[in-house]
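Structure, as C-alpha cells:
A note on names: the letters A, B, ... follow the listed sequences, proteins ahead of strands, and every chain is numbered from 1.
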Amino acid sequence: MEVALLRAGSTLIVRMKGDLDHHAADKLRAGIDDKLKRGGIQAVLFDFGGVNFMDSSGVGMLLGRYKIMTEKGGKVLACSLNPRIMRIFTMAGLQKKIPVFSSREDALAGAEGGCRCQTT
Amino acid sequence: MSNHMKLEIPSKSQNEAFARIVVAAFAAQADPTIDEISDVKTAVSEAVTNAVIHGYENGPGTIVVSATLEGNRLEVTITDYGVGIADLEQAMTPLYTSKPELDRSGLGFTIMQNFMDEVRVESEPGKGTTVKMVKFFSRTGAAAEA
Ligand SMILES: Nc1ncnc2c1ncn2[C@@H]1O[C@H](COP(=O)(O)OP(=O)(O)OP(=O)(O)O)[C@@H](O)[C@H]1O
Ligand SMILES: [Mg+2]
C-alpha cells in the first residue's frame, strides 16, 4: 500500500492507495502514531479513495487511532469509501465512531465544524 | 468442471496478499461475480492473517492454503501448525479477541461467516488449526461448465 500523510490545519490526512490488510495496517499505524506523538493534531482523516480492499486488520487499526484521538479530545473521520469498504464499516459498526463523508472536502468541513452528518 | 490447487507459504504478513490473490485467480475459473471474488479474498485474508498473528504469534511457521472447485462450489482450507485454539466457541464469538493489545477487534471469524456460505474450524492446542470455508457462486455459465 502507498501512503501519504498530509496536513491541513490541525487535521492529519491519511491518503491510502492499495490493500489495507494486516501487513499494510502495521506500517500505517507506525507512521500515523509517530505524527500524533508530535502533537498539534486534532483530527485524523482517512481518505479511502484509492483503497479497494480492507479486512479486520484495517478495522483494528482505525479503532486504535479512534481510541488515541478521543482520549486527546480529538476525532477520526473517513471519506471516499467504495461499497466494499462501506460493507466492512457497517459490519464493524464503525460509523458510530468514525463519521463517513463522500469526499475529502466534505470531511474537512466536518473536521473543522464538528458536523457529524453522514453523506454517503 | 473440477480443479484443485495447493499453496505452501512461510508465515509472513507479506504473504497474506499473495495467498488471497492466488485463491481469487483460481476461483476466477468458475466465473464468479466481482462481489463474490471480493468475499473470497476477504475471508482468505482473515484466515491467513489469523495463522500469522495467532497461530504462529508472528514467528516462523508454514501455512498451507488449498482450494477445490467443483462446478460453482469453491472450498478453501487454510492450515497452520501453530498454537491451536483451546476454546473454539469463545474464539468464534463476535468481538472476542485474545490480543486486544495488538489492535485486534475480534471480527475475523464474523467476517468469514458473513462472506462465505460455510465456515468450519478444527483445532487442537499445540498442533494447529484448519479453517475450511465453502462458497457457492451464483453464476453457472459457460466458464463454470467448460
Ligand atoms: N489460526 C489460529 N490459531 C490460534 N488461535 C486463533 C487462530 N485463529 C483465531 N484464533 C483465536 O480466535 C480469536 C478470534 O479470531 P478473530 O479472527 O475472530 O479475531 P482477532 O483475530 O482476534 O481480531 P481481528 O480478526 O478482528 O483482527 C483470536 O483472538 C485468537 O485467539
Ligand atoms: Mg483475526
Which distance, rounded to the nearest 0.5 Å, do you find between the [atom1] of [X] and the [atom2] of [Y]?
X	Y	atom1	atom2	value
B/Ser38	A/Asn82	OG	CG	8.5 Å
B/Asn58	A/Asp26	CG	CG	7.5 Å
B/Leu107	A/Leu94	CG	CG	8.0 Å
B/Thr42	A/Met91	OG1	CE	8.5 Å
B/Ser45	A/His23	OG	NE2	12.0 Å
B/Asp103	A/His22	CG	NE2	10.5 Å

Using side-chain heavy atoms (C-beta onward) and a distance below 4.5 Å, is B/Glu46 in contact with A/Asp21? no

Heavy-atom side-chain proximity of B/Phe115 to A/Asp55 below 4.5 angstrom: no

Tell me if the [atom1] atom of [X] is crowded by more than 12 foreign heavy atoms within 6.0 Å.
X	atom1	answer
A/Lys27	NZ	no
A/Arg15	CZ	no
B/Glu75	CD	yes

Chain B interface, residue from A/Pro83, A/Ala25, A/Gly60, A/Ala92 that has the most non-hydrogen pairs under 4.5 Å: A/Gly60

Please determine if A/Arg84 and B/Asp39 form a salt bridge, counting it only when a charged side-chain N lies under 4.0 Å from a carboxylate O. yes

Determine which residues belonging to residues 81-99 of chain B lie within contact range of chain A, meaning some heavy atom pair is under 4.5 Å apart, and list them by number or answer 'none'. none

Checking [X] against chain A: side chain, backbone, both or neither under 4.5 Å from a heavy atom?
X	value
B/Lys12	neither
B/Asn114	both
B/Val52	side chain

Please give me the minimum heavy-atom distance between B/Ser105 and A/Ser56, naming the atom from each residue. OG-O, 4.2 Å

Are [Y] and [X] co-members of a hydrophobic cluster defined by side-chain heavy atoms under 4.5 Å apart?
X	Y	value
A/Ile68	A/Leu63	yes
B/Val134	B/Met112	no
B/Phe136	B/Ile111	no
A/Val51	B/Ile37	no
A/Ile85	A/Ile98	yes

Tell me, side chain or backbone of A/Ile88 under 4.5 Å from chain B's heavy atoms, or both, or neither? side chain

Most contacts with chain A, counted as non-hydrogen pairs under 4.5 angstrom, among B/Leu102, B/Ile53, B/Thr110: B/Ile53

One option among B/Arg104, B/Arg20, B/Gln14 has the most heavy-atom pairs under 4.5 Å with chain A, and it is B/Arg20

